[in-house]
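Step one of this worksheet: look at the structure below.
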Amino acid sequence: MSDNNPERVSKREPGLLAQDVDRDNQLAENRSEAQPTESGVPEDAIAEDDVEPSDSRQNVTAAATDDDKAAVVGMRQRTRRSFIVGGAAALAAAGGWRWLRTRREADGLAWPLRLSHEFNEQLSRDYFSRSRLVPTFPGDMASEPRVNGSYGLDEESFDPANWRLAIVGLASPPESVAEKPSASPEEPNTKSSTGNSSLSGRSKTKAGTDSKSDVQSGGDSSDQSDETDEETDSDADGSDTTTNTEPDLALTLAEIKQLPRVEMVTQLKCIEGWSVIVRWAGARLADLIAKYPPLTKSGSDPDVMRRPDDLVGYVSLETPDSEYYVGIDMESALHPQTLLCYEMNGQPLSLKHGAPLRLVIPVKYGIKNIKRIGKITYTDKRPADYWAERGYDWYSGH
């Protein structure tokens with residue numbers, strides 16, 4: 001708005017214009033001396049209060065209004081763009097999911113997901129170290145874990161007094177093993193061997209393949225004639241160093257307790273998202289392997305401490321009825337925190353938690369912590385795993 005606006009001029013009084021002229025002259029002569037008015041206030045202060053807002057202030061206000069309008073327009077444009085991008089992303093995700101569900105399966109899982117599992121496994125194994133321990137906790141933080149899963153824990157058909165831990169794939173023949181079962185409990189040992197040997201054909205097949213179809217085939221042939229067992233033992237490639245499917249050794253719980261006792265308080269993590277701190281007690285699986293070593297890849301005598309890489313690569317564990325079974329790599333089996341556990345929170349294991357013996361392996365999720373171990377098999381082929389056959393990660397490390 002310019003000064004020649006009649007509305008602006010009408011608001012000015014002649015006295016004010018004269019005061020403006022006097023003020024300018026006084027400021028030019030001596031800016032330090034200001035003539036006060038009758039009220040004691042300098043004239044220039046009165047003049048500044050009475051002057052209308054300048055054009056610059058109005059321009060600033062107008063510019064701010066224009067900026068607000070531009071911001072609103074920009075927000076509307078971004079909202080439309082975001083809606084379009086979000087819709088396209090949702091359509092792409094739906095299409096990708098549909099494509100994924102129609103892919104062929106590999107071991108019970110769509111092959112892209114199976115490839116991601118295998119990539120994670122290789123990455124985990126590359127960075128795995130037996131010297132890296134999981135965190136431990138004070139004993140007063142321990143509590144009882146929930147009973148999660150009862151596969152292989154049929155209490156009606158299980159007699160703890162007749163339980164034995166069968167071991168298959170020892171480097172030394174049974175005749176040379178000094179710690180063979182004593183003669184006094186001969187009848188229970190015979191029952192244990194019979195109960196496990198009836199499943200030996202299925203166990204052999206599981207230890208020698210990764211595919212679910214082969215596992216099912218092995219299960220169908222386990223109750224057939226000895227001719228089928230001979231065909232299974234004479235595998236064409238001959239790469240599996242485990243050729244004997246009968247237990248080489250059957251240990252009692254008392255014999256297992258003769259191994260060095262280890263206690264630890266670690267966290268049990270479940271793939272369902274929950275975790276719990278538990279105080280475990282038992283024997284290291286590494287100590288059992290050292291005392292009853294498996295076959296080697298080179299065929300030489302095993303040296304668990306100095307040449308662990310020469311041992312066969314895997315350990316298969318299953319319940320006495322073979323309803324539940326897991327496979328772990330030898331590196332994880334030799335980890336110092338992998339226990340054959342027989343006590344939990346200061347008490348013997350209960351039947352629902354896997355008595356008389358269960359596996360505790362803190363470097364892996366709970367699905368690998370098999371309860372009520374009935375059989376351990378050393379093998380050089382990756383064993384079958386219950387949940388891996390149902391789409392989960394075989395390695396299951398964290």
Could you go through Ser129 and Ser131, starting from their C-alpha distance and side-chain angles, then the distance that decides it, and tell me whether this counts as side chain to side chain donor-acceptor pair (under 3.5 Å)?
CA-CA 5 Å; Ser129 174; Ser131 62; 2.7 Å; yes
Derivation and outcome, salt bridge (charged side-chain N to carboxylate O under 4.0 Å, His left out), residues Asp309 and Lys297:
CA-CA 9 Å; Asp309 295 339; Lys297 300 175 183 177; over 6 Å; no
Thinking salt bridges, do [X] and [Y] make one under a 4.0 Å N-O criterion?
X      : Y      : result
Arg382 : Asp329 : no
Lys257 : Glu255 : no
Arg261 : Glu343 : yes

Ile361 vs Gln337, side chain to side chain contact (heavy atoms under 4.5 Å, CB included): CA-CA, chis, key distance, verdict:
CA-CA 7 Å; Ile361 180 166; Gln337 291 177 311; over 6 Å; no
Where do [X] and [Y] come nearest, in terms of heavy atoms and distance?
X      : Y      : value
Leu251 : Trp163 : O-CZ3, 4.0 Å
Pro356 : Leu349 : O-CD1, 4.1 Å
Ile370 : Leu317 : CD1-O, 3.6 Å
Thr338 : Ser332 : OG1-O, 2.8 Å
Val276 : Ser143 : CG2-OG, 3.1 Å
Leu339 : Gly282 : CD1-N, 4.3 Å

May I ask you to check whether [X] and [Y] show a side-chain donor-acceptor distance below 3.5 Å?
X      : Y      : value
Ser396 : Asp393 : no
Tyr365 : Glu272 : no
Ser298 : Ser300 : yes

Answer yes or no: is there a donor N or O on one side and an acceptor on the other, between the side chain of [X] and the main chain of [Y], under 3.5 Å?
X      : Y      : result
Asp385 : Gly327 : yes
Arg284 : Pro336 : yes
His335 : Met330 : no
Arg279 : Val265 : no
Thr266 : Pro362 : no
Trp387 : Lys368 : no
Asp380 : Val312 : no
Lys364 : Tyr395 : yes
Asp248 : Val168 : no

Value rounded to 0.5 Å, distance of [atom1] in [X] from [atom2] in [Y]:
X      : Y      : atom1 : atom2 : answer
Ser322 : Lys375 : OG    : NZ    : 6.5 Å
Ser275 : His398 : OG    : NE2   : 9.5 Å
Leu357 : Arg164 : CG    : CZ    : 13.0 Å
Leu170 : Lys291 : CG    : NZ    : 12.5 Å
Ile367 : Arg390 : CD1   : CZ    : 11.5 Å

Run the numbers on Val134 and Val363 for side chain to side chain contact (heavy atoms under 4.5 Å, CB included), then give the verdict.
CA-CA 7 Å; Val134 301; Val363 296; 3.9 Å; yes
Same hydrophobic cluster for [X] and [Y], using side-chain heavy-atom links shorter than 4.5 Å among ILVMFWY?
X      : Y      : answer
Leu285 : Ile167 : yes
Trp280 : Val326 : no
Met264 : Ile256 : no
Ile328 : Ile271 : yes
Leu359 : Leu153 : no

Does [atom1] in [X] sit with more than 12 non-hydrogen atoms of other residues, nucleotides or ligands closer than 6.0 Å?
X      : atom1 : value
Tyr151 : OH    : no
Asp301 : CG    : no
Tyr392 : OH    : no

Which residue, Arg146, Lys371, Glu144, forms the side-chain hydrogen bond (donor to acceptor under 3.5 Å, both in side chains) with His353?
Glu144
Do the side chains of [Y] and [X] get nearer than 4.5 Å, heavy atoms only?
X      : Y      : result
Ile289 : Leu334 : yes
Leu288 : Ile376 : yes
Pro320 : Arg372 : yes
Pro302 : Leu311 : yes

Full working for side chain to side chain contact (heavy atoms under 4.5 Å, CB included) between Leu295 and Tyr378:
CA-CA 8 Å; Leu295 295 167; Tyr378 303 134; over 6 Å; no
Please determine if Arg358 forms a cation-pi arrangement with Tyr342, meaning its NZ or CZ atom is less than 6.0 Å from the six-membered ring centre and no more than 45° off the ring axis.
no
Parallel, tilted or perpendicular: which one describes the rings of Tyr325 and Tyr386, with boundaries at 30° and 60°?
perpendicular
Please tell me whether Tyr314 and Trp394 form a close aromatic pair, meaning their ring centres lie under 6.0 Å apart.
yes
